[in-house]
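Reckoned from all heavy atoms, side chains included, excluding hydrogens, waters and symmetry mates. Each chain gets a letter, A, B and so on, in the order the sequences are listed, and its residues count up from 1.
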Amino acid sequence: MGSSIMDSLFQRSLEDLIKGIRLNLLTEPTFISKSTDDIRREIKSTDLHTKSVALQKLTYLSALYGLDMSWAAFHVVELMSSSAFAHKKIAYLAAAHSFHAATDVSLLTTHQFRKDLNSANPFEVSLALHCFSIIATPHLARELTPEIFTLLSSSKPSIGKKAVAVILRVFSQYPDAARVCFKRLVENLESSDPHTLSAAMGVFCELAVKDPKSYLPLAPEFYRILVDSRNNWVLIKAVKIFGKLAPLEPRLAMRVVEPICEYMRKTGAKSLMFECVRTVVTSLAEYESAVKLAVVKIRELLVDDDSNLKYLGLQALTVVAPKHLWAVLENKEVVIKSLSDADPNIKLESLRILMVMVSERNVAEISRVLVNYAIKSDPEFCNEILGSILSACSRNVYEIIEDFDWYVSLLGEMSRIPHCQKGEEIEHQLIDIGMRVKDARLQLVRVGRDLLIDPALLGNPFLHRILSAAAWVSGEYVEFSKNPFELMEALLQPRISLLPPSIRAVYVQSAFKVLIFCLHSYLFYRETIACSPSSPDNFVSESKCPGSDSAIVAADCQQDEVFNPRASNQSFEDASTEDVEDITVTHAQIPNSASLGKDGFTHESIGNLLNLIEVALGPLSGSREVEIQERARNVLGLIELIKQELPGLVKKEGNFEREGLKFPKIIELMHDAFSKELGPVAANAQERVPIPDGLILRENLGDLEMICGNDQLPTSSSFSFGIPHSKEKVGLPQSKGESSEASTESTSLLAEHRKLHGLYYLPSEKNDVSNDYPPANDPKLQDNLNDDAKDLVKLTEQSLLQKKKPNHAKPRPVVVKLDEGDEAPIAAKKLELKEDLLSGAVRDVLLGNEAVSTSQSNLTDKSSSKRRGKEKLNTDHPSGPKEVLGDVGNPNMGNPSSRRSKHHGHGKERRHRSPRKKEKEREENGQKDKQKSSHRHNRHKSRQRAEGPNNVVTQTPLIPDFLL
Amino acid sequence: MIHFVLLISRQGKVRLTKWYSPYSQKERTKVIRELSGVILTRGPKLCNFVEWRGYKVVYKRYASLYFCMCIDQDDNELEVLEIIHHFVEILDRYFGSVCELDLIFNFHKAYYVLDELLIAGELQESSKKTVARLIAAQDSLVETAKEEASSISNIIAQATK
């Protein structure tokens, strides 16, 4: 008792608290926690004033300092029931701020809400409505629907408008409320109070965004408001609603396009003007004149000094661009200048527009311009640009790329931009192109080589993923390489120790492939010389792409090219001098004056190659990373085998025979195994694997997850065996004694490796960041940017205006596409159950069907829509496109949850038909309408009863004729 | 609709938060942190719109205070800018050339003004005069109640009841 009085008398007020916080800036947390302790004590007081002050302070701390106040929920409810308005106000504010769906005491508020919503004091009603609009739960909404329903037609506009606004929340929590309240909500569209009308339009706007179809029958009401209203707030909503409805009903679009254009022309309010522009470009894009007008307005926005308008203009232009490219061309100077705007948001928008414009004939120019621009931009925007280029070019399986050699070079160039952080995407595309586009492989290997031999790149962790792709490509398509020895040196250079283990494993595997290729070429070349020197082309037929011309060319190059060991040796030395600590390489082993054969595959070069690998991989065989260790050991094991037998081979030089030697066979088999073509794999390929008999798949994999822990399964987009190439010898001879044993062993090993490839390309943490990351370009930026922008304008001037398709020297190469699509099928987005319920309820009300008919099949829906079409013909004067209306108006009739009944059409329009509409219609067909209007003020139900039997005659179209 | 309203000072202090869509306390703190990071770093004369998590945030700076409102992707940005301006004008009228301190010490009043302007994330009253009148009427209601409640005799009567 005593403490209660003390609390009341000496309680800190909210102002004291605020002052205290401001005075104790440094010890703010302690002060706040101390205050919270006070509040915890005070809030228990029996004195409501003390309690209210405590709650107010708590709300303050919660709202501004993020303090948890869920513990005080019960006190909030207590104070809500106070009779004093001041307390109520504080309590409702606290409730609105802190209650959420899981607040269990909100159940206790039902009664209080009901009392306050029925209060004679409008301020109390208003308080309750405000709070209710935020914290309504399904339970509260259901219980309080009658109260809200009453308030919807309140005589006080200040209450009525709030009730209208709150209805949105009620519908979302308790869709069945629509059955009760919807009609009255619609009546508010005719309210004389501008704010009530505005609130109602706000609600319909939100509803129509979620499910436009259901509100199509109200189009006449909205149209009246669109034409009559002089209130910009309301007009914006009306235009927005028609933006949603117009795409569903072409004739409605025809009808509203003129008023909307009128507003666009005349209004002084930029917000309304912009809303009209946006609606025209998004929903009315097929109306040429409207779009032209909109583009004129967009231009006005673009050249405005206000950056807001400029930004919005660019946004509108992005929307209009796909269908009306001319609109962008007209404004291209502004767009390109915006690329160097001070505002990053504006830069981003203009970049988006440029990317929308990209097509196969200008992709090269635009990309060139943008890449040059990216080099000079700040890192963030640079990556935005690169990301846009990458996604635009790879769109729809590289649809717009004609010249893959160019594109692959561009990828290489992008990798070298200092700020580039798109390693993952570039990695993916390099490999993807390798698998899909055979003709691009030569260039891929070239680009890959350039990346691999540059030791500086290894220091940039952002590039590691790209290097991984380069290594993989070089290994997989090594037959296109001009100089496998050089490649091998690049793959084994000491600085690869900077790479993360998973990528080093790829390097080792690629080195393995290169080795097999070299050995095979060496052996096979000898064989062809020895056995059939007249047909050197056999050499090619063994390689991966027997059919492709470039493969032959490449192979020929290989034979004709004078192999220069000096160059490779040089590069190797460069690399090794940079980082000698790891592995000491004996340069002397590489002969400077090795007598190289025509093709470079001499005995000495092979020997040196083997030595090089042994030296480089030797230390790795003790690596702690199992992937690296295992692969290194595989390679070393093979080399050991070869070294044992190589002397024998040398002796036989001249008349080469395989007698008694195991390794040529192994090499051949391995080469075959590596030659299997890898193809792209559809993202849904795994789904098509039949489930084996007896396999029990559990629904719940919770326990599995526990077992597996962090193990990651290869993703479905990883590599796997493609279809074996037709000309290749796939089958392995099984009856060859020890050699077959070895071969099966090796191929199964390889198969495993291939399977594991998916793993190697999984993201790996970039933990070992080295210090010698290439420095970013000097920010000379701002001065030059404007000049650059001018250059850009000039450059793109040519590229964008170029109307004729440039003659391509070569036809577009074949890009492998999968029949079933390359993207994983996106699961159809399920509508929320509540939305469905709401649309169902709304339709029931709008379509005059009070009784809830349960599930309805597609068939009946369709037939009902058809019937509507026919019936229209009966009721109104016949006209061709009527039939269409029935179908177009209900494009999603298949929706099983729509509760539209067969007789839905009755009287629904008439119910919502405004007198004005009636008049118009009367002009058209007076006789019939006279009959109808006599029913106008009848109650809905009786009308339905009366018209029920002869529904064929009275069924009205979805949208009254005058609108269409 | 408007999902939330934030008032943040130039120093990153939160002056008012109003949430029209459900956000947990944790999310609220995160949203405030993220957005003040984005918005406060933007220089003057840049556009007033920020794309954020699939929504748009419209903000405007008045003196030392940033008024931010988060809206849906297809809502009208210029309309919301007008609403913000409207709010500021009403505050100005109510407090008499409003400054940040007014809002700091009358944080609940700022809420009530906002409540008269917006409901359920929609604009409900576009007349400044009406809002001013409604707020004044409520204030007088509160004042009379407060006078009754704060008289010492009342407190003692309550406590010894």
Which region of [X], side chain (C-beta onward) or backbone (N, CA, C, O), has a non-hydrogen atom less than 4.5 Å from a non-hydrogen atom of chain B, or is it both or neither?
X: A:Glu124; value: neither
X: A:Ile135; value: neither
X: A:Ile134; value: side chain
X: A:Leu312; value: side chain
X: A:Ala63; value: both
X: A:Val209; value: side chain
X: A:Ser62; value: both
X: A:Tyr60; value: both

Rounded to the nearest 0.5 Å, what separates atom [atom1] in [X] from atom [atom2] in [Y]?
X: A:His130; Y: A:Tyr92; atom1: NE2; atom2: OH; value: 12.5 Å
X: A:Lys51; Y: A:Ser82; atom1: NZ; atom2: OG; value: 10.5 Å
X: A:Lys57; Y: A:Ile21; atom1: NZ; atom2: CD1; value: 10.5 Å
X: A:Leu309; Y: A:Leu301; atom1: CG; atom2: CG; value: 5.5 Å

Do you know which of [options] has the most heavy-atom pairs with chain B at a distance under 4.5 angstrom?
options: A:Lys19, A:Glu15, A:Arg22, A:Lys88; value: A:Arg22
options: A:Glu275, A:His195, A:Gln56; value: A:His195
options: A:His97, A:His100, A:Met69, A:Lys310; value: A:His97
options: A:Phe132, A:Trp233, A:Phe274; value: A:Trp233
options: A:Asp341, A:Ile18, A:Leu129; value: A:Ile18

- request: Step through the shown structure and confirm whether more than 12 heavy atoms of other residues, nucleotides or ligands are within 6.0 Å of NZ on A:Lys270.
  value: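 Incorrect, the count does not exceed 12.
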So, [X] and [Y], do they make that salt bridge, N to O below 4.0 Å?
X: B:Glu89; Y: B:Lys129; value: no
X: B:Lys30; Y: B:Glu27; value: no
X: A:Arg278; Y: B:Asp74; value: no

Under 3.5 Å, is there a donor on one side chain and an acceptor on the other for [X] and [Y]?
X: A:Asp47; Y: A:Ser45; value: no
X: A:Asp306; Y: A:Tyr311; value: no
X: A:Ser271; Y: B:Glu79; value: no

Among [options], single out the residue with the greatest number of heavy-atom pairs under 4.5 Å to chain A.
options: B:Val80, B:Leu78, B:Leu7, B:Leu16; value: B:Leu78
options: B:Thr130, B:Leu123, B:Thr29; value: B:Leu123
options: B:Ile32, B:Asn48, B:Asp72; value: B:Asn48
options: B:Val14, B:Ile83, B:Leu46; value: B:Leu46
options: B:Thr17, B:Asp115, B:Leu118; value: B:Asp115

Counting only non-hydrogen atoms closer than 4.5 Å, does [X] touch chain A with its backbone (N, CA, C, O), its side chain (CB onward), both, or neither?
X: B:Lys56; result: side chain
X: B:Leu134; result: both
X: B:Phe105; result: both
X: B:Asp75; result: both
X: B:Gln25; result: side chain
X: B:Leu81; result: side chain
X: B:Tyr111; result: side chain
X: B:Ile8; result: neither
X: B:Glu122; result: side chain
X: B:Lys45; result: backbone

Atom of A:Ala141, atom of A:Gln173 and distance for their closest heavy-atom approach: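 It is CB-CB, 3.8 Å.
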Closest non-hydrogen atom pair between A:Asn345 and B:Val50, with its separation: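 Here A:Asn345 and B:Val50 meet closest at ND2-CA, 3.9 Å.
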task: Tell me, please, whether B:Tyr112 has A:Lys89 positioned over its six-membered ring: NZ or CZ under 6.0 Å from the ring centre and within 45 degrees of its axis?
output: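 The answer is yes; both the distance and angle limits are met.
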task: Before giving the answer on ring-ring contact (aromatic ring centres under 6.0 Å, His included), spell out for B:Phe4 and B:Tyr20 the whole-Å C-alpha distance, their side-chain angles and the decisive distance to 0.1 Å.
output: CA-CA 5 Å; B:Phe4 54 79; B:Tyr20 295 101; 9.4 Å; no
query: With no hydrogens and no angle check, is any side-chain donor or acceptor of B:Gln124 less than 3.5 Å from a backbone partner on A:Lys162?
result: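 It does not hold such a pair.
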